[in-house]
Each structure stands twice: as structure tokens, then as C-alpha cells.
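Okay, so here's the structure we're looking at.
Just so it is clear, the structure is predicted and the values come from calculations on it, not from any experiment.
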Amino acid sequence: MSAIQSPANRVWWKQPLDRVEGSWIAIAFVWCLVMFFMMPYWHVYGKQNLSNEAYRTTPEMFSGKTQAMVDKYKVREETDLKIPVVHPPAGSDVYLIARLWQWWPMLELEEGKTYRLHLSSMDWLHGFSLQPENINIEVHPNYEHVVTLTPTRAGTYSIICNEYCGINHHTMASRLYVVKPK
Amino acid sequence: MAVNRMFRICPSTGLSYHEPAEKLIRWNAVAGVVSLLVGGILALLIILTRWQAVHLLPPDWFYLVLTVHGLDMLVFWIIFFEIAVLYFCASTLLRCRLAAPRWAWTAFVLMVAGALINNYSVFRGDSSVMFTSYAPMGAHPTFYLGLILFAVGALIGCFVFFGTLVLAKNEKTYRGSVPLVTFGAVTAAIIAVFTIASGAIILIPTFLWSVGLVDHIDSLMYRTVWWAFGHSAQQVNVAAHVSVWYAIAAIVFNAKPMSEKVSRTAFLLYILFLQLASAHHLLADPGLTSNWKIFNTSYAMYLAVLASMVHGLTVPGSIEVAQREKGFNNGLFEWLRRAPWGNPCFSALFISLIGFGFLGGISGVMMGTEQLNLIIHNTIYVPGHFHATVVIGTTLAFMGLTYFLIPTLFRRELMFPGLAKWQPYVFGLGMCGFSLFMMGAGTLGVPRRHWDMSFAGNPLGYEFPGMAYLMMALMAICGLAAIVGGAMYLLITVGSVFLGKKIETPGFAYVRAKDGVAPTTRPVEVAFETHGTNIGTAGFAAPGTFVLAMVFLVAFVLYYFVNWKYLSTVWPLS
């Protein structure tokens, strides 16, 4: 009987396993276990894990903290919009605001130093996409995500938005500078 | 009201069609194909915009068109067709009258109204919020209302399906267990009920928010619950198209499942574990712990992936056994070489199976791995993946089934049979290239849902490497080939259904079930056949399929660790 008819044998569940199927199920199951344990393994031995640290916040609270950082560590302004570039001390907490349709401010980090990057949105969802590293993190309003990251190579990086956020979504781009420590 | 018990028996296939069920299957399939037509035209516009050298649409139109394309393809085309498949699997395969045809028509009307209202809201211009409509970005209330109406209709459709199963059991229209294909359809319908319930839980409050009755929708809550709907809907597709694979194997080769137990258990694993995968979409989000992410994203230790790997073996395995029993028993691959490659039912099934496994399946596991998601999330790799699953997997399988349904269900001869022979290749291979190049561009960081990857005129724009532009251009060219393949499908199906030559059978009539439909034969208790004794090699009944499965596994393992290697070069994060 074919698959569009009722099984010929009413006690079909007693049919013994075929060798092809049995072997494949065993192999596939082992592979599934390998893939499963790879994730906890990487939490212990790997270096790229997304932080679990997050807090509830509000746009006012978060922009207040960001403003305080900008006031303290601004080194220059860029573009016609006078977006501040900040150079916070190595190892410190740095803040990045996502809003329609801008990342604010621009960060200048030191190579090989570890920072606590706080991400939050002022309005809708945005996507933090660091290029060309290709690190991608979702940015929510009212949630403050704290990601610990260590830039490994000096250079000029781009942050683009890759969560659709309305009509000017494609204009939402910024820079991130990584410089050699002085 | 008198119950309609009028049936007709298809002379060439022996299937019995209940009169109201037949009409409903036809109309749902037609509504699906109309959605496919609209979605396909929009797909062309999207391709020509993302092909940076052409860059056709202005941004507002691009985002609008992308929104409608997502909804028409992923929701309306597929679900209309799935409702048709459900009615077919319950009423036709079980030779049972459809339960409550009036409710089924109500469902159909609600679904059509919902689809129209939803499309209307987007074409108004103020609801270009994408398929996902992430709050707090808001759409016009009719956007959510349309989706809710459509979902209510689909839910009623599922219950008509369940009702028909109950009727078939009570009226003893079949003996023993339901056929495997019907069992797969039950799986799809159970997942659909879960899906629609999740959709209601998130879309109803969002609708109330859009009209001002609820004042806040939390963005993380929205994404979590919405994906219980959005991802599960794709799992409905998987269960449905796997059933269609088994059905086509049965229709073309008279293949029987290698073992009912294995195939049914695999479907059961879908019911138990598939829905956990909504976590795939939340791996880059704050506020959820790694424990939660790992458990859910892996469907509790990849048990649903295991199920798909099993189906991926048993479908071609059953074909191999059937072919070998027909005498194509030489070597590893004679069964495959001598397969009917000119029969579009078969070629669609085969390309669907291979494309779904190699492209859709493997890439899906990559994206769904907690850490690997970091280098993939929201890049164009993601649509690359789901075009491989939903288009090559589901849509192409449904196309293959259509070639069977046109003569038996619509009673029309297939128009342009020469064209039909090529259609699955043009469409399927076009889509394979399309998905593959999208994934390539995504690996280079190209964002999805993005009007201008060149950031023209933006002093802070990012300059993507030339390779990314090349990938996008190749994607577009393959996409155009797939559009041609889609147009061939529409030409053949619409032409055949409306203008095709009617198949006239002498003595054709609908007859009352009691009078005309042959009673179901009591299956004789047969001893289990052990294949492998006289076919295949080394006790393996389907050695060719086993070799193909091992090739798949090697590709899977290599690509998996290549991605970990790539991840290890990225900035350390914790």
C-alpha cells in the first residue's frame, strides 16, 4: 500500500526497522547531539558569545547616560550634523543610541581594550550591524543591552541598521573608530 | 439540511471526490495561485530594485512592495494551498464527505476578505511595516484586521479538516490507520492551530493598540509571541510539503513508505518540537537568557532537525525501493537515472527535496545556532535561507502536486506539456542560485530589507566589497530565471484550468456514496515484506539514497565547522 492509502498491515508499528533507516537515524542523532553540545561548549571555551546582561530602561534614562558620556569624553564632531565623536577610557561603559534614522554618538575605541557597550533604541526596533566584522545585534526600545566587546584590529568600521525601521532605514549608518592605544 | 453524499470517482487515479470538497479544493487552490501571481509580479520589482545596477523602485515603493510580497507569498499563497491540501488529504484520500461544507465556505470567504483587506491596507501606503510588522512600528488597523480575519478563516478550515477525520472514522470509510500522507496533514493542521492561536494572542492586542485601546506593546514581547506565530507558520509548511513529497512519491512511483513507524514518528517529532524554533529569531535579542535560547533554538537537542533528516532519507528511499522492485536494481543509482525526469511532478519533488535539504536545511541550522546567529542575523543570508525552504521546499512541491491535480481535480488536460516538463528545472534551479547568492551576500554583511546598500550620498555610508555587489547581481539574474519559471507555472496552470481541453469520461456522474462508491476493502493481514533480501546491496534496500544521505551529512558537517571557524575570527564578545 502506498503512502496515500491506509497501511496494509494494521499493526504497522511492529514492522522491524530497515537497516538503511536504522543506520541513518543513529548517525543523524549523534550529529544532532554534537550540534547541541557545541553551543554550551562555545560558552565555556569560545570567545564570541552574546551577553545575557540586559536592563529595562526608558529613552530618557538612556539618553541621559549617553549625554553624560558625550559631555565628558567628546573629542571632535563630524559631518554637517555635528555628530560627536567620543573617546571614552579603555575598559569603561560606552553608550550608543539607535533612533530614527541615526546612531548617536560615534565611538572611538582602543584596539585590544575591552568595553561595556550599552545599546538601546529611542523609538522602534533597530539592528546594530558592525561592518565588515559582520556582528549583528537587535536593538530594542526600553531595553538596555550591555555587550562586552574587544576590538581586535585598528581601523574605521561602519555601523549600519539592518532591522527595517521605516522609510529612511537605508540612510541609518555611522562609524566606529578603533585606534591604537596611545 | 440534507447531507450531500455525492461523489465522483476519477477514472485514471481511482480517487473519489466529494462534490462540495472538490469545489472547495479548487477554489482554495485558485485563490492561492492568484496570490502567487500578485506576489510574483512584486518579486520581480524587488529583484530589479536590489540589483544595484538597475535599482528600479523609489524607497517608499520598495518597502511597500516588499511588505505585500512577503504577505502574499508567505501567508496567502501558501495557506490557501495548504487548506486545499488539507481537504484533499481528509476528504479525498479517506473517501469521506467533507464535514460542514458551509463552514468551509465561510472559512474561504473570511480568508479572501482578510487577504484583500490586508493588501488594501498596505497599498494605501501607510502600512509598509513588512511581513513581521514589529511593534512599536505601527500599521493601519486594517492591516491587523485583515490578518486576523484570514487567520480565523484558516482556523475554521483546520477544524473542518479535523471534523472530516472524525466523520471518516465514524462512517468507517477507511480501515486501520489513516494513510501516511493524511497523518502528515494532521501534523500540519495541529501545528497550524498552535500557530493561529499564537497569532491571535499577538495580533489582537496589536490591533487594539493600533486603534488606541491599548497604550503600549512591548517590543520584546511582540517579537517573542509574534515568532511563535511567524515561525510556526513555516513549520506548517514543512509538515505540509513533506506530506506532499510522500504523496507525489506514491502517485508517481506507487512508492510505499519504507516503514510507517519511522515516518510517522518523524511527524510526531515535528508536533512535539518544531514550534520551539521561534527562538531562532530571538538569538540576537536582549532580555532572554542563553539557556532559554539554546534549549529552544535547538528544538530540544535538534529533535525536529532529526525528523527532517529522516524524511529526507525516507522519501527518496521509498522511491528507490519502488524503482528497484520495478527492476532498476543495478548499481547505486540506476533507480535515479531511470527516474521519469520529464515528469514535472517528479522533477519538482526531487529538486524540492534536494534544495530544501542542502540549501534550506543546512543554512537554517547555521542561523539557528546561538552564537553563529551573531554573524548572520538580519543579513540577506536570512531571506536566502527561507527562500530555499519556503520557495524551493514548499512552493515547488506544491507546484509538482498541481500537475497531478489539474487532470484529476480540475478534469482538464495540461496545456503546454512541453513547457511543463521544463518548468520545475527553470524555477527550481533559478531559486537554488537565487538563495545561494543571497547567502553569499549575507556572509559579506549585506542587510536584508534595505533599499540601498551603496548608501549613495551618505557621508557615513559603508562601502561593501565588490564581491557583495557581484553576489547581488548574480542573485538578481538567478531570481529572474525563477520569475520566468514562476510565469511558466502560472501560464500552464491558469491556461489549463480555464482554457484546457475538458477531460470527458463516458458515463461520468456524481453518485450517492451508498450507491456508487465502492466499499473500502478490508485490508488483508499481510506479512511484513522485508525489502533488502532481493534488492539493493549489503542488506541495504536503498543503498543509493544512503550514499546521498552521507554526502548531505558531509556537506552539513563541513559547512557547520567552517562557520564556527569564521565566528572565531570575529571580535571577542561576552
With a 3.5 Å cut-off and no angle check, do the side chains of [X] and [Y] form a donor-acceptor pair?
X	Y	answer
A:N52	B:S290	yes
B:D285	A:H140	yes
A:Y164	B:N378	no

So which part of [X] gets closer than 4.5 Å to some heavy atom of chain B, the side chain, the backbone, both or neither?
X	answer
A:I27	side chain
A:N168	neither
A:L119	neither
A:F128	neither
A:L130	side chain
A:V178	side chain
A:I135	both
A:T79	side chain
A:W31	side chain
A:M106	side chain

Please give me the minimum heavy-atom distance between [X] and [Y], naming the atom from each residue.
X	Y	answer
B:P286	A:E138	CD-O, 3.8 Å
A:N162	B:H377	ND2-O, 3.3 Å
A:W42	B:S568	CH2-CB, 3.9 Å

- Is there any side-chain hydrogen bond (donor to acceptor under 3.5 Å, both in side chains) pair reaching into residues 87-98 of chain A, and which pairs are they, with sequence neighbours excluded? A:H87-A:E108, A:H87-A:E110, A:D93-A:R116, A:D93-A:H118
- Short N-O contact, B:K261 and A:D18, less than 4.0 angstrom: no
- Message: A:H170 and ring pair (Phe, Tyr, Trp, His ring centres under 6.0 Å): which single residue from B:Y462, B:F62, B:Y63 fits?
- Response: B:Y63
